[in-house]
Amino acid sequence: MIPVHYYLILSAVMFTTGVVGVLSRRNAIIIFMCIELMLNSVNLTFVAFSSYLGNEAGQMFVFFVMAVAAAEAAVGLAIVIALFRNKQTVNINEVNILKW
Amino acid sequence: MTSELIVFIVLAAVAVLSGILMITRTNPVNSALYLILNFISLAGIYLTLHAQFVAIIQILVYAGAIMVLVLFVIMLLNLQDEVKLSEELTRRHYASLLFALLVLAMLIETIGWMGGDTLNRMQQQSPLAVTNGTVERIGDVLFTSYVFPFELTSILLLAAMLGAVVIAKKRFP
């Protein structure tokens with residue numbers, strides 16, 4: 001059998017990959033996809049604990065996380081479209097109206 | 001080395017490699033395709049955990065709906081010239097790598113700290129895991145214990161739908 005550590009470490013590595021992407025990339029859509037990657041690594045932790053503890057609450061959480069991720073995808077992509085319409089770019093270095 | 005472990009290692013390697021390829025591609029379409037590969041291998045990992053419902057939903061909602069939406073937006077915006085901002089390695093990249101490694105060290109430290117008794121009791125999956133992941137069981141729990149959050153989710157999705165339409169509309173009122 002596979003100990004639960006393996007799943008947790010895989011989840012940590014995937015989360016770190018997402019963090020590197022968010023911090024280093026400048027394309028808004030790629031940053032958005034990295035956030036999806038981080039949400040998925042958290043889902044993996046939920047499902048692993050759910051399965052090893054024999055409790056289905058973790059899988060319920062994953063269900064709701066996915067609903068929130070779908071909502072986030074719709075709103076986030078709408079923001080990207082509005083951004084592109086106004087500035088003709090999705091490079092976040094050029095989007096600094098709210099930066100002080 | 002059992003067959004379960006081999007399946008897990010192959011799926012985990014695909015997931016990690018496609019994640020790394022995802023953040024290093026300069027073309028957003030390639031990134032999105034690698035992310036889909038990552039989601040599919042993650043669905044396989046959910047199957048090794050006996051979470052069938054979550055695995056199917058992962059493919060349908062993530063690899064299907066959300067990533068098609070992302071690809072659609074990438075194609076719609078025609079980001080061909082984004083390739084040229086393909087970012088030679090700067091100090092920012094090294095700094096972000098350093099901070100991310102700190103995050104990784106913290107997460108691994110947390111896993112090790114939790115170790116000992118808690119994890120030793122979790123050497124193998126609970127016998128309940130086989131029945132907990134089925135659609136029947138999930139539906140049973142979802143519509144009894146979690147029916148209120150489930151109904152709230154519908155309001156969330158409605159709000160997100162309205163918000164997306166209003167934000168992406170041509171003119172703000």
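Lettering follows sequence order; numbering is per chain, from 1.
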Side chain, backbone, both or neither: which part of [X] has a heavy atom under 4.5 Å from chain A?
X	result
B/Ser145	neither
B/Met161	neither
B/Ala65	neither
B/Leu35	side chain
B/Leu104	both
B/Arg25	backbone

Would you say [X] and [Y] make side-chain contact, with heavy atoms under 4.5 Å?
X	Y	result
A/Ile29	B/Leu77	yes
B/Ile6	B/Thr2	no
B/Asn132	A/Ser51	no
B/Leu107	B/Val103	yes
B/Glu136	B/Thr131	no
B/Phe53	A/Phe63	yes
B/Ile66	B/Phe39	no

For the interface with chain B, which of [options] has the highest count of heavy-atom pairs at distances below 4.5 Å?
options	value
A/Val20, A/Val62, A/Ile81, A/Ile79	A/Val20
A/Leu23, A/Ile30, A/Leu83	A/Leu23
A/Pro3, A/Gly21, A/Gly58	A/Pro3
A/Val13, A/Ile9, A/Leu44	A/Leu44

**Q.** Evaluation steps, ring-ring contact (aromatic ring centres under 6.0 Å, His included), between B/Phe8 and A/Tyr7
**A.** CA-CA 9 Å; B/Phe8 173 77; A/Tyr7 291 102; 4.7 Å; yes

Q | Interatomic spacing from CZ in A/Arg26 to CG in A/Asn91 - rounded to 0.5 Å | A |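 Going from CZ on A/Arg26 over to CG on A/Asn91, the span is 8.0 Å.
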
Heavy-atom cut-off 4.5 Å, strictly under: side chain, backbone, both or neither for [X] against chain B?
X	value
A/Val22	neither
A/Met60	side chain
A/Phe15	side chain
A/Tyr6	both
A/Asn93	side chain

Q: Answer yes or no: is there an ion pair linking A/Glu94 with A/Lys87, defined by an N-O contact shorter than 4.0 Å?
A: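 Salt bridge between A/Glu94 and A/Lys87, a charged N being under 4.0 Å from a carboxylate O: no.
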
Q. Is there a donor-acceptor contact under 3.5 Å linking the side chains of B/Gln58 and A/Asn40?
A.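 Present: a donor and an acceptor within the cut-off.
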
As an exercise: rank [options] by heavy-atom pairs under 4.5 Å with chain A and give me the winner.
options	value
B/Ala15, B/Gly163, B/Ala32	B/Ala32
B/Leu101, B/Ile138, B/Ile108	B/Ile138
B/Leu142, B/Val16, B/Ile45, B/Ile57	B/Leu142

Q. Cluster question for you: counting only ILVMFWY and a side-chain heavy-atom cut-off of under 4.5 Å, with indirect links fine, are A/Phe84 and B/Met75 together?
A.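 Same cluster.
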
(Q) Could you see if A/Val68 belongs to whatever hydrophobic cluster contains B/Met67? Use Ile, Leu, Val, Met, Phe, Trp, Tyr and a side-chain cutoff under 4.5 Å. (A)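 In one cluster: no.
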
**Q.** Minimum-distance pair of heavy atoms, taken over all atoms of B/Leu11 and B/Gly44
**A.**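 Of all heavy-atom pairs spanning B/Leu11 and B/Gly44, the closest is CD1-C, 3.5 Å.
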
Q. Crowded around A/Phe64 CZ? As in, over 12 foreign heavy atoms under 6.0 Å?
A.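 Atom CZ in A/Phe64 is packed in, count exceeds 12.
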
Q.
If the contact rule is any heavy atom under 4.5 Å from chain A, which residues of residues 148-157 of chain B qualify, in numerical order?
A.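 The list, in residue order, reads B/Pro149, B/Phe150, B/Thr153, B/Leu156, B/Leu157.
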
